[in-house]
Protein chains: 2
Amino acid sequence: MGKIFLIPTPLGPSADRNLVLPAANREIINRIDYFVVENVRTARRFLAKCQLDKTIDELTFAELNEHTPVEEVEALLAPLLREGRDIGVMSEAGLPCVADPGALLVAAAHRKGIEVCPLSGPSSITLALMASGANGQSFAFNGYLPVKPAERAQAIRRFERRALAERQTQIFIETPYRNRKLFDEIIAVCAPKTMLCVACDLMEPNQYIRTLTVEAWKKQGAPAIDKRPAIFILFGI
Amino acid sequence: MGKIFLIPTPLGPSADRNLVLPAANREIINRIDYFVVENVRTARRFLAKCQLDKTIDELTFAELNEHTPVEEVEALLAPLLREGRDIGVMSEAGLPCVADPGALLVAAAHRKGIEVCPLSGPSSITLALMASGANGQSFAFNGYLPVKPAERAQAIRRFERRALAERQTQIFIETPYRNRKLFDEIIAVCAPKTMLCVACDLMEPNQYIRTLTVEAWKKQGAPAIDKRPAIFILFGI
């Protein structure tokens with residue numbers, strides 16, 4: 001029976017593949033001819049750079065993203081179940097099946113007893129966490145904050161409370177064009193001694209990672225994070 | 001001024017470097033001659049396999065682990081601050097500065113305005129998460145459970161509650177020789193429909209990853225996880 005390989009991709013457009021992906025990934029990708037991907041264009045562009053032994057046109061792609069009806073996910077396993085072919089799963093960027101619908105395919109695979117093989121690659125969450133200086137013995141990734149102002153402020157306060165009371169490092173992301181707004185809200189809402197790490201454009205040439213107390217950020221002013229993919233980390237000392 | 005490079009290492013003893021680490025990491029390591037490491041023996045063994053352009057004896061090592069007094073951490077930055085040398089930080093296995101005292105060095109670096117550069121590498125936490133089929137939009141890594149039986153059962157119940165009520169995937173680890181005990185406790189304590197992923201020996205030849213409901217695990221029996229490094233993931237559907 002075929003296996004499902006979870007294939008990480010670079011985090012940003014200018015990233016050098018050799019900087020973020022193990023050489024062995026290319027060998028595994030090279031043996032696969034059926035891919036379930038979040039976005040076919042991005043996937044084709046990535047595979048073109050992998051210098052495979054076959055042309056992109058010999059490969060089959062199926063899309064699995066937020067537009068895919070849940071009841072259609074299991075059918076994507078058919079080439080594996082019927083013909084024994086391996087499946088390669090790729091998301092838009094970084095690790096697949098963490099914060100994208102690829103997880104539904106993996107869950108379906110476990111129900112069928114199919115072997116799932118994750119490959120090593122870059123995660124903006126763990127890269128930011130290791131570079132933040134925060135406690136990584138206990139941390140939570142919370143995805144996006146609510147958009148409505150009152151709920152947002154409440155969510156930031158709740159995260160700060162958990163960061164301090166449970167010593168659980170709190171990680172979240174924001175749509176890049178709202179980064180500056182989120183930064184300002186955190187600075188306005190959180191206690192002076194709370195630590196805030198801002199990490200953006202990870203593994204890209206203009207990578208920026210900085211951890212300061214809320215107090216120090218207030219003095220120093222906001223970093224230039226507007227429209228850049230960023231990770232925010234709140235923690236206590 | 002020098003920079004701090006956070007250098008991931010393979011997760012297990014038999015792992016092929018090319019399977020888990022980008023080729024570029026070797027080039028960066030090759031330019032560093034001062035290393036702050038969790039364990040000097042393990043670090044030397046890893047560097048010996050990197051085929052550097054210099055001998056291991058030309059490199060300087062300092063240890064930073066649970067025995068290092070907190071007040072001595074900042075002094076480890078001296079070669080960087082005084083001589084402008086880069087520092088390479090490595091933990092026993094996997095990503096440094098996530099769940100080891102290396103985070104204290106990174107925090108000290110941020111206080112001094114030193115640039116911190118994380119390198120890409122394998123994390124057993126994210127590898128297990130992506131291969132589990134669980135929701136990765138919201139997840140928490142909780143480290144080790146308490147050892148005392150009553151507190152342990154309580155902790156498992158608390159994790160399950162958060163997994164179901166907040167839809168937050170709960171990840172934890174155990175000392176390998178207690179894996180089987182933990183598995184039995186989870187199966188005894190959690191609801192039949194709760195999902196449990198057991199992932200062990202990640203990226204090693206005998207890798208095992210399986211997600212089932214607690215109910216299905218009960219029928220199938222425990223996997224052979226005794227004394228193997230494992231990650232446990234609890235989540236709801």
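Here the shortest heavy-atom pairing between A/Ile209 and B/Pro118 reads CD1-CD, 3.5 Å. B/Pro101 and B/Leu64 make their closest contact through O-CD2, 3.6 Å (heavy atoms, listed as atom of the first residue, atom of the second, distance). Scanning both residues, B/Ala62 and B/Leu76, for their nearest heavy atoms gives CB-CD2, 3.7 Å.
Note on A/Pro96, A/Pro8, A/Ala108, A/Cys197: by heavy-atom pairs under 4.5 Å with chain B, the leading option is A/Pro96. Contacts with chain A were tallied for B/Cys97, B/Ala107, B/Gly143; B/Cys97 has the most, counting heavy-atom pairs under 4.5 Å. Heavy-atom pairs under 4.5 Å with chain A were tallied for B/Leu129, B/Ile171, B/Leu212, B/Leu95; the largest tally goes to B/Leu95. When the candidates B/Gly102, B/Ala23, B/Ala109, B/Ala24 are compared by the number of heavy-atom contacts under 4.5 Å with chain A, B/Ala24 comes out ahead.
If you measure heavy-atom distances from A/Ala199 to chain B, you find no contacts under 4.5 Å at all. Neither the backbone nor the side chain of B/Ala216 comes within contact range of chain A; no heavy atoms are under 4.5 Å apart. Interface remark: B/Leu6 contributes backbone and side-chain atoms alike to the contact with chain A (heavy atom separation under 4.5 Å). At a 4.5 Å heavy-atom cutoff, the contact between B/Ile125 and chain A is made by side-chain atoms alone.
Here SG of B/Cys190 is found 5.0 Å from CG of B/Leu234. Values are rounded to the nearest 0.5 Å.
Among residues two or more places apart in sequence or in another chain, the ring-ring contact (aromatic ring centres under 6.0 Å, His included) test is passed with A/Phe232 by none. Take B/Ala75 and apply the side chain to side chain contact (heavy atoms under 4.5 Å, CB included) test, not counting sequence neighbours, and it matches no residue. By the ring-ring contact (aromatic ring centres under 6.0 Å, His included) test, B/Phe35 is found to be paired with B/Phe61, residues two or more places apart in sequence or in another chain being considered.
Looking only at side-chain heavy atoms (C-beta outward), B/Pro223 and B/Phe183 come within less than 4.5 Å of each other. Considering only heavy atoms from C-beta on, A/Phe46 comes within 4.5 Å of A/Ile29 through its side chain. Residues A/Ile114 and A/Met1 meet the side-chain proximity criterion, which asks for heavy atoms closer than 4.5 Å.
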Short donor-acceptor contacts under 3.5 Å linking chain B with chain A:
unit_1	atom_1	unit_2	atom_2	d
B/Asn18	O	A/Ala23	N	3.4
B/Asn18	O	A/Ala24	N	3.1
B/Val20	O	A/Ser120	OG	3.0
B/Ala23	N	A/Asn18	O	3.4
B/Ala24	N	A/Asn18	O	3.0
B/Val98	O	A/Gly136	N	2.9
B/Ala99	O	A/Gln137	NE2	3.3
B/His110	O	A/Arg210	NH1	3.2
B/His110	ND1	A/Thr211	N	3.2
B/His110	NE2	A/Ala131	O	2.7
B/His110	NE2	A/Thr211	OG1	3.4
B/Ser120	OG	A/Val20	O	3.0
B/Ala131	O	A/His110	NE2	2.7
B/Gly136	N	A/Val98	O	2.9
B/Gln137	O	A/Gly143	N	3.3
B/Gln137	NE2	A/Ala99	O	3.3
B/Phe139	N	A/Phe141	O	3.0
B/Phe139	O	A/Phe141	N	2.7
B/Phe141	N	A/Phe139	O	2.7
B/Phe141	O	A/Phe139	N	2.9
B/Gly143	N	A/Gln137	O	3.3
B/Arg162	NH1	A/Glu166	OE1	3.2
B/Arg162	NH2	A/Glu166	OE1	3.4
B/Arg162	NH2	A/Glu166	OE2	2.7
B/Glu166	OE1	A/Arg162	NH1	3.2
B/Glu166	OE1	A/Arg162	NH2	3.4
B/Glu166	OE2	A/Arg162	NH2	2.6
B/Arg210	NH1	A/His110	O	3.2
B/Thr211	N	A/His110	ND1	3.2
B/Thr211	OG1	A/His110	NE2	3.4

